[in-house]
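Okay, so here's the structure we're looking at.
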Amino acid sequence: MRIILNLIWLVLSGFWLAIGYVLTGIVCCILIITIPWGLASFRIANYALWPFGRTVVDRPGSGAPSLIGNIIWIVVAGIWLAIGHVVSGVLLCITIIGIPLGIANFKMVPVSLMPLGKEIVPA
């Protein structure tokens with residue numbers, strides 16, 4: 001079932017969301033100071049391609065630097081990526097088949113807003 005959901009997800013929204021994360025990661029890596037955000041963006045792009053069967057957990061010991069980095073991320077790129085997830089989730093929830101995919105989109109909003117201090121692990 002996870003494979004079927006992941007394939008449908010990839011076609012309907014995962015590919016486009018991953019492109020958004022990759023473009024954000026490239027911009028962040030071009031600007032040398034923002035490389036940590038770029039790496040986090042690439043990690044989330046991988047998660048956005050194939051989310052079912054994986055989950056996001058807090059990384060132990062991330063602390064205050066992650067909090068400060070997340071605040072900067074929200075202002076620079078996080079809010080736009082989160083809006084993309086919300087819009088995509090609402091559009092997917094219009095159909096009965098898309099409801100699980102829309103819920104998955106809504107579950108990705110917190111990690112799109114605050115990616116530092118998080119890990120993506122198998123469920």
Side-chain angles (χ1 to χ4, degrees):
M1 191 61 152
R2 287 181 187 166
I3 293 174
I4 293 170
L5 283 172
N6 278 322
L7 289 173
I8 295 170
W9 169 270
L10 183 66
V11 171
L12 295 179
S13 69
F15 180 72
W16 305 109
L17 291 171
I19 286 175
Y21 281 109
V22 167
L23 291 175
T24 304
I26 289 171
V27 169
C28 286
C29 285
I30 288 173
L31 307 169
I32 303 299
I33 274 183
T34 56
I35 288 177
W37 291 283
L39 296 177
S41 184
F42 291 138
R43 208 173 44 242
I44 300 170
N46 184 18
Y47 180 55
L49 277 176
W50 208 256
F52 294 99
R54 297 192 286 175
T55 189
V56 178
V57 296
D58 290 330
R59 181 180 299 150
S62 56
S66 291
L67 176 65
I68 294 168
N70 282 330
I71 292 170
I72 294 169
W73 171 263
I74 289 172
V75 172
V76 174
I79 192 74
W80 302 110
L81 293 169
I83 289 171
H85 282 292
V86 170
V87 168
S88 179
V90 167
L91 291 174
L92 285 169
C93 283
I94 291 174
T95 65
I96 302 274
I97 295 171
I99 290 175
L101 304 172
I103 292 170
N105 248 321
F106 298 137
K107 286 182 181 179
M108 290 182 71
V109 169
V111 74
S112 71
L113 285 173
M114 294 192 259
L116 300 178
K118 306 287 185 192
E119 277 185 77
I120 299 166
V121 296

Between [atom1] on residue [X] and [atom2] on residue [Y], distance to nearest 0.5 Å:
X	Y	atom1	atom2	answer
Ile3	Ile8	CD1	CD1	12.0 Å
Leu91	Ser13	CG	OG	10.0 Å
Leu81	Leu113	CG	CG	8.5 Å
Ile35	Trp37	CD1	CH2	11.0 Å

_Suppose the criterion is side-chain hydrogen bond (donor to acceptor under 3.5 Å, both in side chains): which pairs have a residue in residues 82-96, not counting sequence neighbours?_
Tyr21-His85, His85-Asn105, Ser88-Asn105
*Can you run down the side-chain hydrogen bond (donor to acceptor under 3.5 Å, both in side chains) pairs that involve residues 109-123, sequence neighbours left out, and say none if there aren't any?*
Asp58-Lys118
Cluster overlap [X] with [Y], hydrophobic side-chain contacts below 4.5 Å:
X	Y	result
Trp16	Leu23	yes
Val11	Ile19	no
Leu7	Ile96	no
Phe106	Leu12	no
Leu17	Val86	no

Identify the heavy atoms of [X] and [Y] that sit nearest to each other, and give their distance.
X	Y	result
Gly38	Cys29	CA-SG, 4.0 Å
Val27	Thr34	O-OG1, 4.4 Å
Thr24	Ser41	CB-OG, 3.8 Å

Tell me which donor-acceptor pairs under 3.5 Å the side chains of residues 48-57 have, and how far apart each pair is, sequence neighbours excluded?
from, atom 1, to, atom 2, distance (Å)
Arg54, NE, Trp50, O, 3.1
Arg54, NH2, Asn46, O, 2.8
Arg54, NH2, Trp50, O, 3.0

*Could you identify which residues cluster with Ile33, counting Ile, Leu, Val, Met, Phe, Trp and Tyr as linked when any side-chain heavy atoms lie under 4.5 Å apart, either directly or through a chain of such contacts?*
none
For residues 63-72, dump all side-chain donor-acceptor pairs below 3.5 Å to protein atoms at least two apart in sequence or in another chain.
from, atom 1, to, atom 2, distance (Å)
Asn70, OD1, Leu116, N, 2.9
Asn70, ND2, Ser66, O, 3.1
Asn70, ND2, Leu116, O, 3.0

*Mind checking what makes side-chain contact (heavy atoms from CB on, under 4.5 Å) contact with Val22, not counting sequence neighbours?*
Ile26, Phe42, Ala45
